[in-house]
Amino acid sequence: MFTNRRAALVTGAASGIGRAIAERLEADGIDVLAVDLRPDPDGPGVPCAADLTTREGNGDAVREALERFGRLDAIIPSAGFQHVSPIGEFDEDRWDELVALLLTSPFLLARYGWDALAASGAGRFVAIASVHGVVASPFKAGYVSAKHGVIGLVRTLALEGAAHGISATALCPGYVRTPLIERQISAQARAHGLPEDRVLEEVILEPHAVKRLIEPQQVADVVAFLLGPSGAPFTGAPLVMDQGWTAR
Ligand SMILES: NC(=O)c1ccc[n+]([C@@H]2O[C@H](COP(=O)([O-])OP(=O)(O)OC[C@H]3O[C@@H](n4cnc5c(N)ncnc54)[C@H](O)[C@@H]3O)[C@@H](O)[C@H]2O)c1
């Protein structure tokens with residue numbers, strides 16, 4: 001039995017930012033399909049297993065959302081990973097996986113979910129990009145390239161979505177306190193021979209003007225705002241929340 005509740009598809013929903021978004025949207029009364037490679041049956045939303053580096057995985061996720069909820073009002077791609085390597089040694093398969101997950105998956109989700117977003121009357125596409133969608137760092141060629149690509153994708157979706165009431169944007173956070181970053185802190189501490197608190201301030205947070213990690217809930221709060229009526233004008237431009245990183 002379908003209800004009048006809005007429905008959202010959130011990827012990477014088992015961990016970190018995606019999980020915080022799924023929790024927040026569910027608390028706001030939105031039905032959430034929580035898509036992940038390793039979904040958490042005890043996590044927020046309806047768990048859905050999919051490998052989003054494949055066309056089938058993205059197609060199955062959209063189909064599952066429509067079958068379960070009968071509608072799709074918002075797509076929030078957040079699944080991702082990082083790979084750090086100098087360009088001369090950058091593993092080509094990792095490049096392909098990064099582009100597939102960070103850029104092609106958002107494209108496929110938009111492609112397959114477009115008619116449903118248009119039928120919503122107030123469709124929202126909010127990609128979780130990164131400050132690395134607007135600036136680069138060394139040794140992150142695949143991640144930086146894919147995140148820049150997703151900014152181009154949402155610009156295009158915004159233009160095509162305008163006539164259908166669909167807003168499309170990309171949220172660009174600086175460093176957020178998630179397992180993805182916690183793994184980097186311990187690895188950098190070992191590599192630099194520094195205690196973890198010094199690694200955080202001197203290595204990880206070096207580009208932040210404000211030497212603090214962003215909390216996943218802060219990202220989720222912005223997504224919740226973007227899905228509301230006042231979020232509609234945020235379309236076609238990236239939305240940067242970076243603790244002052246790009247102010248320099
Ligand atoms: N943490 C940060 O500092 C930060 C900053 C800016 C942007 N981001 C972006 O935010 C997003 C979420 O990152 P996070 O920090 O929450 O990471 P995370 O590692 O906590 O969560 C990522 C999730 O993606 C899932 N995933 C990985 N490969 C997948 C696949 N092939 N198919 C389906 N799911 C897959 C993982 O299982 C995991 O649950 C990513 O796109 C990341 O690039 C993170």
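Remember, it's 1-based here, ligands and their atoms both numbered in the order they're listed. Atom set for the values below is all heavy atoms of this structure, side chains included, hydrogens, waters and symmetry mates excluded. Everything quoted here is computed from the prediction, not taken from an experiment.
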Backbone, side chain, both or neither: what part of Tyr143 comes under 4.0 angstrom of ligand 1, heavy atoms only? side chain
Applying side-chain contact (heavy atoms from CB on, under 4.5 Å), run through Phe81 and Arg94 and close with a yes or a no. CA-CA 10 Å; Phe81 68 93; Arg94 294 301 269 171; 3.5 Å; yes
Minimum non-hydrogen distance to atom 44 (C) of ligand 1, winning option of Ile128, Ile17, Leu98: Ile17
Hey, is ligand 1 close enough to Leu102 that some N/O pair sits below 3.5 Å? no
Atoms of ligand 1, numbered as shown, that sit under 4.0 Å from any heavy atom of Arg38: 37 (O)
Heavy-atom pairs closer than 4.0 Å: do any link ligand 1 to the side chain of Ala50, the backbone, both, or neither? backbone
In the protein, which heavy atom is nearest to atom 39 (O) of ligand 1, and how far is it? Asp36 OD2, 2.6 Å
From the candidates Pro216, Ser130, Ala129, the one that places a heavy atom nearest atom 9 (C) of ligand 1: Ala129
Using heavy atoms and a 4.0 Å limit, tell me yes or no: is Arg183 in contact with ligand 1? yes
Give the residue and atom name of whichever protein heavy atom lies nearest to atom 2 (C) of ligand 1, and the separation in Å to one decimal. Val176 N, 3.5 Å
Closest to atom 29 (C) of ligand 1 (heavy atoms only, candidates Leu52, Ile181, Leu101) is Leu101
Per-residue contact class, Glu97 against ligand 1 - non-hydrogen pairs under 4.0 Å: neither
Among all protein non-hydrogen atoms, which one is nearest to atom 6 (C) of ligand 1, and what is the separation to 0.1 Å? Pro173 O, 3.4 Å
Determine, considering heavy atoms only, which of Ala100, Gly80, Ser78 sits nearest to atom 11 (C) of ligand 1. Ser78
Among protein heavy atoms, which sits nearest to atom 20 (O) of ligand 1, and what does the distance come to when rounded to 0.1 Å? Ser15 OG, 2.6 Å
Between Thr178 and ligand 1, which part of the residue brings a heavy atom under 4.0 Å of the ligand: side chain, backbone, both or neither? side chain
According to the interplanar angle, ranging from 0 to 90°, do the rings of Tyr175 and Trp245 count as parallel (below 30°), tilted (30 to 60°) or perpendicular (above 60°)? tilted
